[in-house]
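Keep in mind that what you see is a predicted model, and the values were worked out from it rather than measured. Chain letters run A, B, ... following the sequence lines, proteins first and then strands; every chain starts at 1.
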Protein chains: 2
Amino acid sequence: MLAAVKMAKHHPDAKWVYEKVSREIPNISLGTVYRALAALSAEGLIREYRRADGPSLYDPNTEDHFHIRCRSCGRIEDVPPVQLPDDMLESIRRASEFARVDQVRLEFGGICSACAEKTRE
Amino acid sequence: MLAAVKMAKHHPDAKWVYEKVSREIPNISLGTVYRALAALSAEGLIREYRRADGPSLYDPNTEDHFHIRCRSCGRIEDVPPVQLPDDMLESIRRASEFARVDQVRLEFGGICSACAEKTRE
DNA sequence: AATGATAATAGTAACGGTTATCAATAACGA
DNA sequence: TCGTTATTGATAACCGTTACTATTATCATT
């Protein structure tokens with residue numbers, strides 16, 4: 001299961017993993033795939049990337065990085081980490097009613113080069 | 001409908017709006033609420049805030065701002081905009097296979113003061 | 001080998017949130 | 001007033017995920 005996710009060069013969802021793994025364990029069930037993926041993310045071997053507009057994606061890349069999404073085709077790509085202002089979390093904490101601010105979720109949107117060329121035609 | 005969302009001092013979801021509006025239009029349907037909320041966001045009068053782990057929230061505040069979420073109770077609060085590095089989008093564009101990078105989604109996580117006090121007990 | 005306790009699994013039902021469908025009603029214009 | 005178009009309420013379908021349950025592995029102990 002881990003191998004299936006790790007071999008993906010994109011960000012597979014549970015169904016993709018299910019189909020991959022089914023080739024070796026033909027009667028595995030989708031529920032087992034979900035359980036295994038949840039266990040792997042709990043162990044930190046992969047990362048679950050929850051989305052509002054579609055299935056969760058499972059990211060073989062556990063290094064610090066962000067994602068960018070093409071708003072035309074929906075494709076998702078990794079981007080390297082960005083240096084954010086050092087005092088950002090602290091200033092957010094001061095500006096809010098929060099006792100602790102320690103998580104940031106950052107993602108980008110745009111048009112991938114493939115889509116940009118398509119619309120140029 | 002607009003009034004219902006605007007009067008909320010939090011970020012209501014469709015069901016909340018539905019219950020509010022039902023008091024004045026008793027047999028309105030949830031579908032109509034969804035349609036109206038979608039129309040209002042299309043017009044820019046409110047903003048839809050799509051989430052992975054629960055219903056969409058509708059934000060009466062259309063000014064530039066971000067959100068912070070308490071990972072204990074789930075409550076969501078507005079935070080004022082943060083000044084991000086000027087060259088951020090451009091550097092992401094260079095680091096990616098994207099022709100255009102023009103959207104940023106940023107949100108914060110932490111523990112709200114109410115939850116912080118609860119766990120102190 | 002046989003047993004029993006424990007865990008894992010497949011299959012499927014249920015769930016929550018949203019969207020689609022469609023007949024009935026309302027609004028509008030000639 | 002009539003016919004056309006748009007809007008609505010009611011409900012079914014949808015999608016991704018989780019819960020449930022009966023069955024099957026697993027495995028240590030006799």
Output yes when at least one side-chain N/O atom of [X] is less than 4.0 Å from OP1 or OP2 of [N], else no.
| X | N | value |
| --- | --- | --- |
| A/Ser56 | D/dG16 | no |
| B/Thr32 | D/dT8 | no |
| A/Tyr34 | D/dT17 | yes |
| A/Ser29 | C/dT12 | no |

### Task
Identify which nucleotide among D/dG9, C/dG17, D/dG16 has an atom closest to any side-chain atom of B/Ile28, counting heavy atoms from C-beta outward.
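Closest nucleotide among those given: D/dG9.
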Could you state the atom-to-atom distance from [atom1] of [X] to [atom2] of [N] in whole Å?
| X | N | atom1 | atom2 | answer |
| --- | --- | --- | --- | --- |
| A/Trp16 | D/dT17 | CH2 | C1' | 20 Å |
| B/Tyr18 | C/dT18 | OH | P | 15 Å |
| A/Leu37 | C/dT9 | CG | P | 13 Å |
| B/Asn27 | D/dT7 | CG | C1' | 13 Å |
| A/Ile25 | C/dG11 | CD1 | P | 13 Å |
| B/Tyr49 | C/dG17 | OH | C1' | 16 Å |
| B/Leu57 | C/dG16 | CG | P | 17 Å |
| B/Asp53 | D/dG16 | CG | C1' | 12 Å |

### Task
Nearest 0.5 Å please: distance from the NE2 atom of A/His65 over to the CZ atom of A/Arg47.
7.0 Å
### Message
Please determine whether any donor N or O and acceptor N or O are separated by less than 3.5 Å between the side chain of B/Arg35 and the base of D/dG9.
### Response
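Indeed there is one.
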### Task
Determine, stepwise, if the pair B/Arg94 / B/Asp87 fulfils salt bridge (Lys or Arg N to Asp or Glu O under 4.0 Å).
CA-CA 11 Å; B/Arg94 277 197 306 269; B/Asp87 60 343; 5.4 Å; no
### Query
Heavy-atom distance under 4.5 Å between the side chains of A/Ile28 and A/Met1, does that happen here?
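Touching, per the 4.5 Å side-chain cut-off.
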### Message
Considering every strand and a 4.0 Å limit on heavy-atom distances, what is the contact class for B/Arg51: base, sugar-phosphate, or nothing?
### Response
nothing
### Query
Given that A/Gly31 and B/Leu30 both sit by DNA chain C, which one's nearest nucleotide is further toward the 5' end?
A/Gly31
### Query
Without hydrogens or angle criteria, can the side chains of A/Asn61 and A/His11 be said to hold a donor-acceptor pair below 3.5 Å?
no
### Query
Crowded around A/Glu63 CD? As in, over 12 foreign heavy atoms under 6.0 Å?
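Atom CD in A/Glu63 is not crowded, with 12 or fewer foreign heavy atoms closer than 6.0 Å.
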